[in-house]
Amino acid sequence: ISTESEEEGVVEAAVDMFGLLLPLLKDLDVDTRIAGLAGVESIVKSGTKTAAVVLLPSLKQWLLSSDIAFADHIPAVESVPKGLGVLLPICLQGILAGSVEVRQEASVALGSLLRLASVKSLEPHLLLTMGPLIRIVSDKFPPELRTSLLANLGLLMEKGGPGVVRFLRQLQSTFIKLLGDGSRAVRRAAAQNLKLLIAQNPKLDSLVSELLACAKAHQAGQREAALQALEGVLLLVGADVPAALKQPCVEFFDSCLSDPDELVRLANSRAFAAYFKGQCLVDEQGTHTQVEMRIHEAVGEAEIGIYNLHARLTLLAACLEMLPEDSMDLGRAYKFASQYLQSTDSMIRLCVVVCLRRLSLHFADPCQLTRDLAVSFTKAMDDSSADVRLESLLAVKMWVKAHPHVARDQLEVLVTSLLESVRHKNLPLKIASERALVHLLAPRTESWVLDEFLPSIPPHLAKRVEDYVERVLCKLPIGSDDEN
């Protein structure tokens, strides 16, 4: 077919035939699958390169349809040597030669095709697929298209097999360059792909050095993306950070503790915690000292500044998430974080609740500290900031999901505040309060909780709880307690 020299009707007929042949590629009969693939191949090869673009909408529609979208492979492609090469040219021609809209459509179709391709079927086509994508991903296309192309490069790295190694240097250079892109979505996609490079065994010292240089050279969003990439790399390499780069990493992370950009501080804290997690494997006591020194030196907002305090709290939250429990002094962590629950800055109060949420997940048995945590959560439920209130409600829900008997040991403290919280006119807060109560009281799955709890509280409160459970909680749809 040729959109330039053939009649429009011939083109339409070829497109229709193409659409009829595609379902045959997953037919149960092997001969039918092979015949269908041969028919598709004859249609693709019968026209010019640009003509293949007219087949793209049908291919994309089929790949995204329920007929194939939930499969794990395309049977016909796996049945014939180099079978993937029949469909790949349609996507690649659209990406390389189409309009922006066609390129976007082709990139989505390519992503679906790659997800359905096995390592074996993809390997013969890696060179002809990876190379063109690397060349154009940095071009001045809309962010949505570049993000989609980066996602496809990520799939190629995961499924390309040993052949990916020959592209490592180009991929590393391309992704690091895109960390300086003007679009946050593109920067995040590039950072995600840099994490995938580790699985391909690149030169680690070169990668970490380039990421550090990128983070130092750029501002705000670019620095955030480089730090996100560093977090992923450091989590994967663990203790294997090159000795010559440990001090530069620590010095740079320390320098970002007072960065004026909130997102940079958040990304820096997570990268710093990822570094500490790796170092715990070789020197747990020394790492504990380093963490304690950076978090607990602060004595007040005025002494260290709001940015630095925010950085220390986010570092504490990240360490509570990533580091082994026995490498943290949990009592000291609570004391440090909770003292700022009355801060005048809502950003600080929100960070405190995040710290307390992650801290609560470390306790498998009730103790005085878990009661203190419950009291702190109830204080946060009454905060002037809706974000702080919502975070505290989600914290209670996550706590009871992780350690139900520990959270339920504080039922009286928590339920009283939650019954007030469900009166919020703010719908997300009201819903979050209901969901927390559903998990705490579990009226439809663990009736014994209410049976034991109601006699232990004053009659007027017991009546109120019982009425609310019957009127609201028991009528919530099954599974609604998992909505956030």
Side-chain angles (χ1 to χ4, degrees), residues 154 172 175-176 179 187-216 218 221-259 261-295 308 310-329 333 351 354-355 357-359 361-362:
Q172 181 172 317
F175 297 151
I176 287 180
L179 292 178
R187 295 194 301 267
R188 289 178 68 89
Q192 181 61 37
N193 279 359
L194 281 166
K195 301 174 190 178
L196 297 176
L197 277 180
I198 295 299
Q200 306 297 335
N201 297 314
K203 293 182 178 179
L204 186 59
D205 53 349
S206 168
L207 178 56
V208 174
S209 294
E210 286 196 49
L211 285 172
L212 279 174
C214 181
K216 293 175 182 177
H218 295 102
Q222 291 88 344
R223 180 171 293 171
E224 177 201 5
L227 285 164
Q228 288 170 341
L230 272 171
E231 176 200 345
V233 170
L234 292 170
L235 283 174
L236 287 168
V237 302
D240 295 330
V241 178
L245 292 174
K246 290 182 179 181
Q247 191 60 30
C249 281
V250 170
E251 289 176 355
F252 179 68
F253 295 150
D254 277 334
S255 73
C256 289
L257 288 174
S258 297
D259 195 283
D261 189 279
E262 179 182 353
L263 294 177
V264 170
R265 295 195 300 273
L266 286 169
N268 181 69
S269 292
R270 293 193 62 82
F272 215 164
Y275 172 82
F276 285 136
K277 180 179 181 180
Q279 297 313 298
C280 274
L281 299 174
V282 291
D283 183 10
E284 184 171 324
Q285 184 55 49
T287 303
H288 172 77
T289 301
Q290 290 293 316
V291 172
E292 294 280 304
M293 180 179 71
R294 282 164 177 80
I295 292 173
N308 196 280
H310 175 257
R312 290 169 188 262
L313 285 166
T314 55
L315 178 58
L316 174 59
C319 287
L320 286 168
E321 176 187 345
M322 297 185 199
L323 270 58
E325 182 178 318
D326 53 6
S327 67
M328 300 285 294
D329 184 335
C351 280
V354 172
C355 288
R357 167 168 60 81
R358 291 181 179 162
L359 186 61
L361 302 181
H362 286 274

Residues Gln172 and Glu210: closest non-hydrogen pair is NE2-OE2, 3.0 Å
Pairwise distance CZ(Arg187) to CD(Glu224) - rounded to 0.5 angstrom: 6.5 Å
Nearest heavy-atom approach of Met322 to Ala274 is SD-N, 3.6 Å
If you take all heavy atoms of Thr287 and Phe276, which pair is closest and at what distance? CG2-O, 3.4 Å
Would you give me the side-chain donor-acceptor pairs under 3.5 Å for residues 189-197, sequence neighbours excluded?
residue : atom : partner : partner atom : Å
Asn193  : ND2  : Leu150  : O            : 2.8

Measure across Leu212 and Pro248 and return the closest heavy-atom pair with its distance rounded to 0.1 Å. CD1-CB, 4.2 Å
side-chain hydrogen bond (donor to acceptor under 3.5 Å, both in side chains) partners of residues 234-245, not counting sequence neighbours, each pair once: none
Atom OG of Ser258 and atom NE2 of His310: how far apart are they, to the nearest 0.5 Å? 12.0 Å
Please find the pair of heavy atoms, one from Ala318 and one from Ala273, that lie closest to each other, and give the distance. CB-CB, 3.6 Å
Quick check: does any side chain N or O of Arg294 sit under 3.5 Å from a backbone N or O of Gln290, one acting as donor and the other as acceptor? yes
What residue pairs, at least two apart or across chains, pass salt bridge (Lys or Arg N to Asp or Glu O under 4.0 Å) with a residue in residues 268-281? Glu231-Arg270, Arg270-Glu321
Phe272 vs Tyr275 aromatic rings, parallel, tilted or perpendicular, using cut-offs 30° and 60°? tilted
Backbone of Phe252 reached by a side-chain donor or acceptor of Ser255 within 3.5 Å: yes
Any sub-3.5 Å donor-acceptor pair from His362's side-chain atoms to Leu320's backbone N or O? yes
CD1 on Ile295 to SG on Cys319, rounded to 0.5 Å: 5.0 Å
For the residue pair Gln279 and Val241, establish whether any side-chain heavy-atom pair is separated by less than 4.5 Å. yes
Spatial distance of atom CG (Leu230) from atom CG (Leu207) [nearest 0.5 Å]: 8.0 Å
With a 4.5 Å cut-off on side-chain heavy atoms, are Leu179 and Leu211 touching? yes
With Val291 as reference, evaluate Leu315, Asp329, Leu316, Leu323 under the side chain to side chain contact (heavy atoms under 4.5 Å, CB included) test and give the passing residue. Leu323
Which heavy atom of Cys256 sits nearest to which heavy atom of Arg223, and what is that distance? SG-CD, 4.2 Å
